[in-house]
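Being a predicted model, the structure only gives us computed values, none of them experimental. Lettering of chains follows the sequences in order, A, B, ..., and the numbering in each one begins at 1.
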Number of protein chains: 2
Amino acid sequence: MKFSTLEEFGIRCLVQIARAGPSGALTIPEISEREGLSEANVAKVLRLLRQEGFVVASRGKTGGYALTRPAEEIRVGEVIHALGGKLYDDEFCERHSGGEEVCRHEGACGIQALWEEVQDAIDRVLNRKTIADLAQTPLIRREDLLGGRRS
Amino acid sequence: MKFSTLEEFGIRCLVQIARAGPSGALTIPEISEREGLSEANVAKVLRLLRQEGFVVASRGKTGGYALTRPAEEIRVGEVIHALGGKLYDDEFCERHSGGEEVCRHEGACGIQALWEEVQDAIDRVLNRKTIADLAQTPLIRREDLLGGRRS
DNA sequence: CTGTAACTTGACTTTTCCGTACAGTTTGAG
DNA sequence: CTCAAACTGTACGGAAAAGTCAAGTTACAG
Ligand code: FES
Ligand code: FES
């Protein structure tokens, strides 16, 4: 299983904006440069984030994107959910018309139960992390990792 | 995020074979009919399952697929892992050449840590379920669900 | 005012993933 | 021996995702 690029890049962009400070903002070129993505691609992701209400854009020469809420209040799960949909939705079982009645709507499908369990496990992890948690990196420097022992 | 169809169908096929009993086997047309998938697609999935060592095929007029191990010993996580790869692998960070050193190999990347956490949560759920668990459905009948209260 | 730097939008191209088709090989029943 | 029923492998076409491009709008600096 894997995340879509929209989901991943969405998180990355929000984290970068969060690092600009509580009332700071970043432009598309800035985010592009810092995250190593093309400007066009960043623009596409940010458009979705704006439509979903996570960021606001100001136009013009001094424009940029800013968070609509404090980074501490944006749960990662929200973003993933808004950008990527669910693993198991209500239509899921409808798409299978297998010959066995038991795997349709009889409520006794092991696959269905397992999928929901996985979805819950993922959501639990994603919902207890916020963008702020990801934004405040420990900022370990290479020197600390290598030569921290002596000298 | 979502599972690939190979991952899902792989599980479904193994569950069907498991229901044929410990030493039973099923043919492609049988699985196809029971699971509601095309025969060509079932064949494709089973080929991978065979190459990964989960099933053995016997050819000829009385052929079919059987499990190589008891269903109780096949963990769902194994199958997903063999068919779909990992959410976060070692090359993951190499694919990002962002401008910030901190999100490359400095060991202080919040995204990387989160992804691993999600991967672990998924694996925990998938590894405590076996194909046998999914194969033995409670077989709840519609009457039990509706009129179990009286009469 | 004017020009530049930024956001906005839709369409387009590329890539990847799925499902299917088909031509082959094997095996056992009759 | 013959043939039908099964597996095996490759190759093709469509659909969805991912990424790109170009033309337009907005707003501030100067
Ligand atoms: S009933 Fe939904 S997957 Fe089986
Ligand atoms: S995602 Fe790997 S270092 Fe940031």
Side-chain angles (χ1 to χ4, degrees), chain A residues 1-13 16-17 20 24-68 80 83-85 87 91 95-98, chain B residues 1-13 16-17 20 24-68 80 83-85 95-98:
Chain A
M1 86 296 327
K2 56 175 226 178
F3 287 102
S4 81
T5 62
L6 249 52
E7 291 168 317
E8 179 187 332
F9 295 165
I11 300 289
R12 287 181 186 276
C13 290
Q16 286 296 340
I17 298 174
L26 287 183
T27 69
I28 288 177
E30 281 169 341
I31 298 174
S32 163
E33 206 278 331
R34 296 186 193 188
E35 207 52 66
L37 304 171
S38 77
E39 295 189 9
N41 213 353
V42 171
K44 187 179 201 171
V45 172
L46 284 173
R47 176 151 85 113
L48 280 175
L49 287 174
R50 178 173 52 81
Q51 289 171 341
E52 297 290 339
F54 291 107
V55 297
V56 285
S58 59
R59 298 165 68 139
K61 186 152 184 164
T62 57
Y65 287 90
L67 301 179
T68 54
I80 299 284
L83 260 46
L87 175 61
E91 310 162 24
R95 289 192 288 269
H96 290 281
S97 350
Chain B
M1 86 298 320
K2 55 177 226 178
F3 286 103
S4 84
T5 61
L6 249 52
E7 291 167 318
E8 180 187 331
F9 296 164
I11 300 290
R12 286 181 187 275
C13 289
Q16 286 296 341
I17 298 173
L26 287 184
T27 68
I28 288 177
E30 281 168 341
I31 298 174
S32 162
E33 207 278 331
R34 297 188 191 185
E35 206 52 66
L37 304 171
S38 77
E39 294 189 9
N41 213 354
V42 170
K44 189 179 203 170
V45 172
L46 284 174
R47 180 158 91 101
L48 280 174
L49 287 175
R50 176 173 53 82
Q51 288 172 339
E52 296 291 338
F54 293 106
V55 297
V56 285
S58 58
R59 297 167 67 139
K61 186 151 186 162
T62 58
Y65 286 90
L67 300 179
T68 55
I80 299 284
L83 260 45
R95 290 191 288 270
H96 290 280
S97 350

In whole angstrom, give the distance that lies between atom [atom1] of [X] and atom [atom2] of [N].
X: A:N41; N: D:dT20; atom1: CG; atom2: P; value: 6 Å
X: B:R59; N: D:dT8; atom1: CZ; atom2: P; value: 6 Å
X: A:K44; N: D:dT20; atom1: NZ; atom2: C1'; value: 8 Å
X: A:K2; N: D:dA16; atom1: NZ; atom2: C1'; value: 12 Å
X: B:L48; N: D:dG9; atom1: CG; atom2: P; value: 11 Å
X: A:E39; N: D:dC21; atom1: CD; atom2: C1'; value: 13 Å
X: A:L83; N: D:dA18; atom1: CG; atom2: C1'; value: 14 Å

[X] [atom1] to [Y] [atom2] distance, which is reported to the nearest 0.5 Å:
X: A:F54; Y: A:T68; atom1: CZ; atom2: OG1; answer: 8.0 Å
X: B:K2; Y: B:E7; atom1: NZ; atom2: CD; answer: 10.5 Å
X: B:L49; Y: B:K44; atom1: CG; atom2: NZ; answer: 13.5 Å

Note to self: In the structure I gave you, are the side-chain heavy atoms of B:S4 and B:L83 within less than 4.5 Å of one another anywhere?
What the structure shows: no

Check: Less than 4.5 Å apart, any side-chain heavy atom of B:L26 and any of B:R34?
Finding: yes

Next item on the list: Ignoring hydrogens and angles, answer whether the base of D:dT8 and the side-chain atoms of B:R47 contain a donor-acceptor pair closer than 3.5 Å.
Entry: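 Answer is no: no donor-acceptor pair is held.
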
Checklist line | Range on DNA chain C touched by chain A, heavy atoms, distance below 4.0 Å | finding: C:dT4 to C:dG10

Notebook entry, point to check: So which of A:I28, A:L46, A:V55 actually passes side chain to side chain contact (heavy atoms under 4.5 Å, CB included) with A:C13?
Noted result: A:L46

Next item on the list: Looking only at side-chain atoms of B:A43, point me to the closest of D:dA6, D:dT8, D:dC28.
Entry: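 Closest of the options to the side chain of B:A43: D:dT8.
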
Checklist line | Candidates D:dC7, D:dA4, D:dT20 - which lies nearest the side chain of B:K61 | finding: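 Out of D:dC7, D:dA4, D:dT20, the nucleotide with an atom closest to B:K61's side chain is D:dA4.
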
Next item on the list: With DNA chain D as reference, determine whether B:A57 or A:L6 sits nearer its 5' end, using the nearest nucleotide of each.
Entry: B:A57

Item checked: Minimal non-hydrogen separation, B:A25 against B:A20, with atom names -> N-CB, 4.1 Å

